[in-house]
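Have a look at the structure below, then the notes.
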Amino acid sequence: MSLLRVQNLSARRGLRAVLDRVGFTVEPGEVVGLVGRNGAGKTTLLRAALGLLPASGESSLAAMPPAARARHAAWMPQSREIAWPVTVETLVMLGRIPHLAAGARPGDADRAAVAAALRRMDLDDLAHRPATELSGGEQARALIARVLAQDTPLILADEPVAGLDPGHQMAAMEEFRRLAAEGRAVVVSLHDLGLAVRHCSRLLLLHDGRIAADGPPRAVLTADNLARAFGIAAHFVDTARGPVFQPLEALP
Amino acid sequence: MRLLSVLSVLVAALFLLSLLTGPAGFGPGESLAALVSGRGEAVTLVMREIRLPRAILGVMVGASLGLSGAALQGYLRNPLAEPGLIGISSSAALGAVIALQTGFAASFALALPVAALGGALFAVLLVFALAGPRGGSLTVILAGIAISALAGALLSLVLNLSPNPFAVSETVFWMMGSLADRSFTHVWIALPFMAAGWIALGLTARGLDALTLGEDAAGALGIPLSRLRLLAILGTAAATGAATAVAGAIGFVGLVVPHILRPFVQSRPGALLPASALGGAALVLAADIAVRLVLPDRDLKLGVVMAFVGAPLFLHLIYRTRRQMA
């Protein structure tokens, strides 16, 4: 049973079509990397799929009632907003809101989920610090932990690892892979194609609001696609320690 | 939880003190006995018809202003937000001033509060119309500022063109805010609106917590954003409109109280709501007691005292915040 089914999804900003009849499905066990240049429509696609902005076409998520959707899919927006100096633990606990009955306080299960999410994102030492006092990368990890605490079959994340140090970038991507191995699925937009190649089971290449390619990283990041969608040339090798992708130069 | 208990005790103590403060000069035991038993005609009359409604209104007005301030700051994610910012206070004042100037206020007892509530409601509808169906918090702030400025200009125009200097001075005094000479009629007219406002704002707690992550993330957490906006703005209009209607314009409570209490609830916007309601009640009761103690024979206005207390407090808070940010 697919976790997300999108068909003919179109969205406009003003007169410009930002998304043009996009369709794909996401199955359990997948880590789907959403790649494309700035303005290709990655963020719009994720938000439209969630039903957070007006769009035509179909999305199985947007069709759900909001409360049920929040238990099915977690969303990490690109803008890493933390409005108040709440502790990291309180921030991560916000991910439990969809699981709380009206007026209920967080119970043992909620606290356990928060503790597990904090541990996975290496935040145990920061749990009681005000989230607004952390560095940008630490805040990003706290917000990823919030998404993990939501404990949903599907996670949509918009540039979750941008600004993280390399070690925590890998750790976050590996965490997504581990969740996929549990039978969940993650859709994540990325600019770091090297990271995408190593950690995603499948890539969606978005170009001018359409899906230009969809498949395993090797099949998507062909020289032709890279030139057309990104205007770059790159080096791609399979090594004993997995695939390695290195962009080389911008094409004239 | 401990914070709420401490604040409740504080409100109860100030309520009692407010009942025992006044120019009539009865002893505390005598006053309370008369209030409860009804023996001793003059004392009972003073206690039941003058001091009791005044103290009750102090709690109601303070709770409304504190709660509205906390809810608006949470909704707009801005520690400088207050009911005055989205134009509700000034529009309520405009409604009241028009009533005073046209003589409508003298036509029946409740004409003034009704006009003030009408002004508040009109402002809210205008904010909604301007901000649009999907308008975020920023459009609400901008619409509120525009309406606030417009109401202020209209208010000045009304005073400017007023042919009656007596009505002008009455209006100016009314706008300074006061709880003096209020009766149970005022309590009963304000209570239904305030209660509706309190319930609406109370329902926003979880949504305000989620908004810590921004509107997009809150929406994806299953928070119905348009309903949240409706509750926050209508709740503020009902509570603040009713407070302005019976007590005139009293500033700073909605701004300062949530600011002071925020560290005690670890900045959680939902938990700040009940704390600010109690804190607002305590602040207004205290200021209303001060009004009667400082210059007992002059009719010192509550809004004036509040500004004298609130402004330095606020300056101190800004200074402290600046030091923390440095």
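Treat the numbers as computed from the prediction; the structure is a model and nothing was measured. When reading the values below, keep in mind they use all heavy atoms of this one structure, side chains included, and skip hydrogens, waters and symmetry mates.
Counting heavy-atom pairs under 4.5 Å between each of A/Arg69, A/Met64, A/Arg80 and chain B puts A/Arg69 at the top. With chain B as the partner, the residue from A/Ala68, A/Pro98, A/Ala74, A/Ala131 showing the most heavy-atom pairs under 4.5 Å is A/Pro98. The choice from A/Leu143, A/Leu156, A/Leu100, A/Ile82 that makes the most heavy-atom pairs within less than 4.5 Å of chain B is A/Leu100. Of the residues considered (A/Thr87, A/Val86, A/Leu61), A/Val86 shows the highest number of contacts with chain B, using heavy-atom pairs under 4.5 Å.
Residue A/Arg13 places its CZ atom among 12 or fewer non-hydrogen atoms of other residues, nucleotides or ligands, all under 6.0 Å distant. For CZ of A/Arg177, the number of neighbouring non-hydrogen atoms (other residues, nucleotides, ligands) closer than 6.0 Å is greater than 12. Annotation: B/Phe264, atom CZ; neighbour count of heavy atoms from other residues, nucleotides and ligands within 6.0 Å does not exceed 12. Applying the 6.0 Å contact sphere to CZ of B/Phe193 captures no more than 12 heavy atoms from other residues, nucleotides or ligands.
At a 4.5 Å heavy-atom cutoff, the contact between B/Ile223 and chain A is made by side-chain atoms alone. For A/Glu133, no part lies under 4.5 angstrom from a heavy atom of chain B. For B/Pro224, no part sits under 4.5 Å from any heavy atom of chain A, backbone or side chain. Only the side chain of A/Pro77 has a heavy atom closer than 4.5 Å to any heavy atom of chain B. For A/Arg71, no part lies near chain B; criterion is any non-hydrogen pair under 4.5 Å.
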Let's go through B/Asp216 and A/Glu81 carefully: what are the C-alpha distance in whole Å and the side-chain angles of both, what is the deciding distance for side-chain contact (heavy atoms from CB on, under 4.5 Å) to 0.1 Å, and is it a yes or a no? CA-CA 10 Å; B/Asp216 230 32; A/Glu81 221 175 315; over 6 Å; no
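Expressed to the nearest 0.5 Å, how far CG of A/Leu94 lies from OG1 of B/Thr212 amounts to 5.5 Å. A distance of 11.5 Å separates CH2 in A/Trp84 from CG in B/Asp209, rounded to the nearest 0.5 Å.
The two atoms that bring A/Ala83 and B/Arg77 nearest to each other are CB-CG, 3.5 Å, heavy atoms only. Residue A/Arg146 comes nearest to B/Ala217 through the heavy atom pair NH2-CB, 3.9 Å, listed as atom of the first residue, atom of the second, then distance. Nearest heavy-atom pair, B/Ala220 versus A/Ala70, reported as atom, atom and distance to 0.1 Å: O-CB, 3.4 Å.
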